[in-house]
Amino acid sequence: MRVNTGGPRIVPEASATSDYPRNDEIVKYIGHAIDSFREMADYGGKVGVKVTIENHWGLSANPMNVRIILDELNHPFCEASPDFCNWEHEYMLYHGLEALAPYTHTRSTPSTGTAGKRWTCSAASAS
């Protein structure tokens, strides 16, 4: 069952501090997502349904956030389900998939509609 991560559609940016920039706001959203996915994965384990995180904006627009959630859970009933065309920019098309491949057992491959037309760079259309 594919589930979105929730939180804001656009993830808050880091803030400048006297030391290194920090993003304390996103920590709260990631924590809530970890708690929610743990509850769903535990239930999924009881009924035999895997919960998958698809890259649909918000937290999941960045594959590192998805990896953090999955690493923190380390649950056999929660995995990644990357959509080939749901990335913020074309560099994520391959790098995002590469980052999530070890966490993936299912995938979404849109073949019609606007999603399949989003990336028109030569590298994307050559494959």
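- No continuous path of ILVMFWY side-chain contacts below 4.5 Å connects I53 to F77, so the two sit in separate hydrophobic clusters.
- Taking the side chain as every heavy atom from C-beta outward, N62 and V11 never approach each other to under 4.5 Å.
- Y103 and D71 share a donor-acceptor pair across their side chains, judged by distance under 3.5 Å alone.
- The OH atom of Y94 sits 13.0 Å away from atom CH2 of W87, with the distance rounded to the nearest 0.5 Å.
- Side-chain contact check for T104 versus P82: some heavy-atom pair is nearer than 4.5 Å.
- Here the shortest heavy-atom pairing between R67 and A99 reads NH1-O, 2.9 Å.
- Within 6.0 Å of atom CG in D24, more than 12 heavy atoms from other residues, nucleotides or ligands are found, so the atom counts as buried in its surroundings.
- For the atom pair E72 CD and F37 CZ, the distance stands at 14.0 Å (nearest 0.5 Å).
- Following chains of ILVMFWY side-chain contacts shorter than 4.5 Å, one can reach L73 starting from V47, so the two form part of one hydrophobic cluster.
- Residue M1 is grouped with residue L59 when hydrophobic side chains (ILVMFWY) are merged at heavy-atom distances under 4.5 angstrom, including chains of intermediate members.
- Interatomic distance, NE2 of H75 versus NZ of K50, reported as 11.0 Å (0.5 Å rounding).
- One finds the OG atom of S15 at 6.5 Å from the CG atom of N23 (value rounded to the nearest 0.5 Å).
- I26 is not connected to I10 by any chain of hydrophobic side-chain contacts under 4.5 Å among Ile, Leu, Val, Met, Phe, Trp and Tyr, and they are in different clusters.
- Here E25 pairs with K28 under the salt bridge (charged side-chain N to carboxylate O under 4.0 Å, His left out) rule; sequence neighbours left out.
- In this structure, the side chain of N65 does not engage the main chain of S60 through any donor-acceptor pair within 3.5 Å.
- For the side chain to side chain contact (heavy atoms under 4.5 Å, CB included) criterion with I34, the lone passing option out of L70, T5, I69 is I69.
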